[in-house]
Protein chains: 2
Amino acid sequence: MTACGEPVIQPRPRTIPEATVARLAVYLRVLSALADAGRSTVASGELAAAAGVNPAGLRKDLSHLGPCGVRGVGYEVATLRDRISGVLGVERSRACVLVGIGNLGSALADYAGFGSRGFEFVGLFDAAEARIGQRIGGLTVRPTEELEEVVTATQASIGVITTPAEVAQSVCDRLAAAGVRSILNFAPVTLAAPEGVDVRKVDLSVELQVLAFVGQQRLVPAVGEPA
Amino acid sequence: MTACGEPVIQPRPRTIPEATVARLAVYLRVLSALADAGRSTVASGELAAAAGVNPAGLRKDLSHLGPCGVRGVGYEVATLRDRISGVLGVERSRACVLVGIGNLGSALADYAGFGSRGFEFVGLFDAAEARIGQRIGGLTVRPTEELEEVVTATQASIGVITTPAEVAQSVCDRLAAAGVRSILNFAPVTLAAPEGVDVRKVDLSVELQVLAFVGQQRLVPAVGEPA
DNA sequence: AACCGCTTGTGAACGCAGGAACAAAGTCGC
DNA sequence: GCGACTTTGTTCCTGCGTTCACAAGCGGTT
């Protein structure tokens, strides 16, 4: 039973759950640290403990990449790291633009962790005259007017919005129109984007609110709790 | 300090799902904007569109607060806003400390949105000599040594970690030992905390990684796509 | 006063993520 | 060379979150 005539053989290119992708990124970081520490192999239990997840769930996550461990031994650190890197596409460099160079934008532009994960900022933009010309992380802040020009020239596919809420939607529209396919939004508004453009929202105050709520809920356990 | 005479009246003190709490915070923001715009009532469809969720899901979320809408009309903007505010505990002021005053820490300390949500920073801490004494958002940066002292004096229950990854765990330990019950961690490490202390992690590079992955996955749709 | 349309609130079904348990497989020790 | 132990990869199951669909209720209109 030879399945000839099927040229593109991808182990398991089917959809990987989003939650799994997020955890893979965490595993990747832990594996890199282990590799730097000189470890050659690691078992799912230890890796799961370091990542803060359940061992069985970790193995299920890894199963999406096909078999990549040795039974009775564990996972080879360097091999698994490279496998995850390949799946997440860390090798390929992705051009990103960042709009809104306030404190948060500066923090992102300065963060060295992005570069090692395949993300390269190719443009920093701000509307304030005072910000323009400032150098952050090796780049010069440019006026917002040049946004479309830079996106087109660099073929940037990712845009990050760290502007005030009032202008976030217009920035989103311009990014989408210029050809950006993925947008990460830190402004506290829900953005609308055309079909084919994926918007992901990170709301810092919501995170704090949820944290505070579960904290206070813990103090009021239940109505009839026997101590 | 006895908490007598504090009738904690919650219509339905049952457990509210965490995902619902996160959305309630979003609804609250939208409702505030509507109130400022002079709107008196709003239907679930419009509110859901503004928040970017499903109308039925929104109604189910609100059902956790008990009946608070008028059939055939919708929800009264001001009433619903106040109801959500009460449940989330926005009125009460919560003392927070922030450790690690880099770019990200400065952004959080400066962000005015927290104050209106019931969060008040009562201490900013950093280990770098150069940062100490700097004034941000009305507070002065203090040396890390004073952390325990301030937490005890202010009864702060929330700690935010924006330090480098290497020292995040030790900061977490100190916060927990000093009495902090909830910790929001921005450092790219998985923190271990004692029982009774809730740790929530926000990983900016993971967010970007997931965004990029779903973007590239979209370009390779499937094997037999009928267009 | 009665009808009609609109909207809420709730019940049920679907799909998905998470956790536990088990069989397969490979290695180490004897 | 063989047995036993260790660990992976998978399968089943339980619970949660989300979505769809419908009955109940209120306001406006005639």
Side-chain angles (χ1 to χ4, degrees), chain A residues 11-12 14-27 31 34 39-77 79-81 83-84 87 190 206 210 213-214 217, chain B residues 11-12 14-27 30-31 34 39-77 79-81 83-84 87 190 201 206 210 213-214 217:
Chain A
R12 297 199 183 176
R14 306 296 167 82
T15 58
I16 297 180
E18 202 170 297
T20 294
V21 175
R23 284 188 295 264
L24 285 177
V26 177
Y27 305 154
L31 287 167
L34 287 174
R39 288 287 300 273
S40 59
T41 61
V42 65
S44 66
E46 184 182 352
L47 191 54
V53 301
N54 187 292
L58 182 141
R59 293 198 296 271
K60 181 172 292 190
D61 287 338
L62 263 48
S63 74
H64 287 105
L65 316 179
C68 49
V70 180
R71 298 176 189 230
V73 179
Y75 300 94
E76 200 171 342
V77 172
T79 305
L80 184 57
R81 179 195 54 184
R83 178 79 75 100
I84 295 178
V87 171
T190 304
V206 166
V210 173
F213 185 83
V214 304
Q217 199 172 228
Chain B
R12 297 198 182 179
R14 312 291 174 79
T15 59
I16 297 181
E18 201 169 300
T20 293
V21 175
R23 285 189 295 264
L24 284 178
V26 176
Y27 305 155
V30 175
L31 287 167
L34 287 174
R39 287 288 298 275
S40 59
T41 61
V42 65
S44 65
E46 185 182 352
L47 191 54
V53 300
N54 188 293
L58 180 140
R59 292 198 297 271
K60 178 157 289 196
D61 286 340
L62 295 181
S63 74
H64 287 104
L65 317 179
C68 49
V70 180
R71 297 175 188 231
V73 178
Y75 300 93
E76 200 171 340
V77 172
T79 305
L80 184 58
R81 179 196 54 185
R83 178 79 75 101
I84 295 179
V87 171
T190 304
K201 183 182 172 187
V206 167
V210 173
F213 184 83
V214 303
Q217 200 172 230

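A quick note: this is a predicted structure, and the numbers were derived from the prediction, not measured. Here is how names work: the chains are called A, B, and so on, in the same order as the sequence lines, proteins then strands, and each is numbered from 1.
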Rounded off to whole Å, could you give me the [atom1]-to-[atom2] distance for the [X] and [N] pair?
| X | N | atom1 | atom2 | value |
| --- | --- | --- | --- | --- |
| B:Glu76 | C:dT8 | CD | P | 13 Å |
| A:His64 | D:dT10 | NE2 | C1' | 12 Å |
| B:Leu58 | C:dT7 | CG | C1' | 13 Å |
| A:Asp61 | C:dG19 | CG | P | 10 Å |
| A:Leu47 | D:dT6 | CG | C1' | 17 Å |
| B:Leu80 | C:dT8 | CG | P | 11 Å |
| A:Leu62 | D:dT8 | CG | C1' | 10 Å |
| A:Leu24 | C:dA17 | CG | P | 13 Å |

- Message: Once hydrogens and angles are ignored, does a donor-acceptor distance under 3.5 Å link the base of D:dT19 to the side chain of B:Lys60?
- Response: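 Result: at least one qualifying N/O pair found.
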- Indicate, yes or no, whether a donor-acceptor pair under 3.5 Å links the base of D:dT7 to the side chain of A:Arg71.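 Under the 3.5 Å cut-off, the side chain and the base do not form any donor-acceptor pair.
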- Query: With a non-hydrogen cut-off below 4.0 angstrom, is B:Ala56 in contact with a base, only sugar-phosphate, or nothing?
  - Reply: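 Touches a base.
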- Using a 4.0 Å heavy-atom cut-off across all strands, classify A:Gly74 as base, sugar-phosphate, or nothing.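 It contacts sugar-phosphate atoms only.
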- Do the side chains of A:Phe213 and B:Leu24 get nearer than 4.5 Å, heavy atoms only?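 B:Leu24 does not reach A:Phe213 side chain to side chain.
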- Item | From CA spacing to verdict: side-chain contact (heavy atoms from CB on, under 4.5 Å), B:Val21, B:Val87 | CA-CA 9 Å; B:Val21 175; B:Val87 171; over 6 Å; no
- Look at the side chain of B:Ala19 and decide which nucleotide, out of D:dT18, D:dC20, C:dG18, has an atom nearest to it.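 The closest nucleotide is D:dT18.
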- Check whether any side-chain nitrogen or oxygen of B:Ser44 sits under 4.0 Å from OP1 or OP2 of C:dT8, and answer yes or no.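 The answer is yes; a side-chain N or O of B:Ser44 sits under 4.0 Å from OP1 or OP2.
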- For C:dG9, does OP1 or OP2 lie under 4.0 Å from any side-chain N or O of B:Tyr75?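 So the side-chain polar atoms of B:Tyr75 do come within 4.0 Å of the phosphate oxygens OP1 or OP2 of C:dG9, strictly under.
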- Should B:Leu31 and B:Leu47 be marked as a side-chain contact (heavy atoms from CB on, under 4.5 Å) after you check the CA-CA gap, both sets of side-chain angles, and the distance that decides it? CA-CA 8 Å; B:Leu31 287 167; B:Leu47 191 54; 4.1 Å; yes
- Under the side-chain contact (heavy atoms from CB on, under 4.5 Å) criterion, do A:Val214 and B:Glu18 qualify, and how do the steps go? CA-CA 8 Å; A:Val214 304; B:Glu18 201 169 300; 4.1 Å; yes
- Item | 5'-most by nearest nucleotide on DNA chain D - B:Pro17 or A:Val42 |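 Per heavy-atom nearest nucleotide, the more 5' residue is A:Val42.
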- Query: Where is the tightest heavy-atom contact between B:Arg83 and B:Leu65, given as atom of each residue plus distance?
  - Reply: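 Where B:Arg83 meets B:Leu65 most closely, the heavy atoms are NH1-O, 2.6 Å.
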- Mapping A:Arg23 and B:Gly69 onto DNA chain C by nearest heavy atom, which one lands closer to the 5' end?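 With A:Arg23 and B:Gly69 compared, the 5'-side residue is B:Gly69.
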- For A:Arg59 and A:Val73, take the nucleotide of DNA chain C holding the closest heavy atom to each; which residue's nucleotide lies nearer the 5' end?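 Its nearest nucleotide lies further toward 5', so the answer is A:Arg59.
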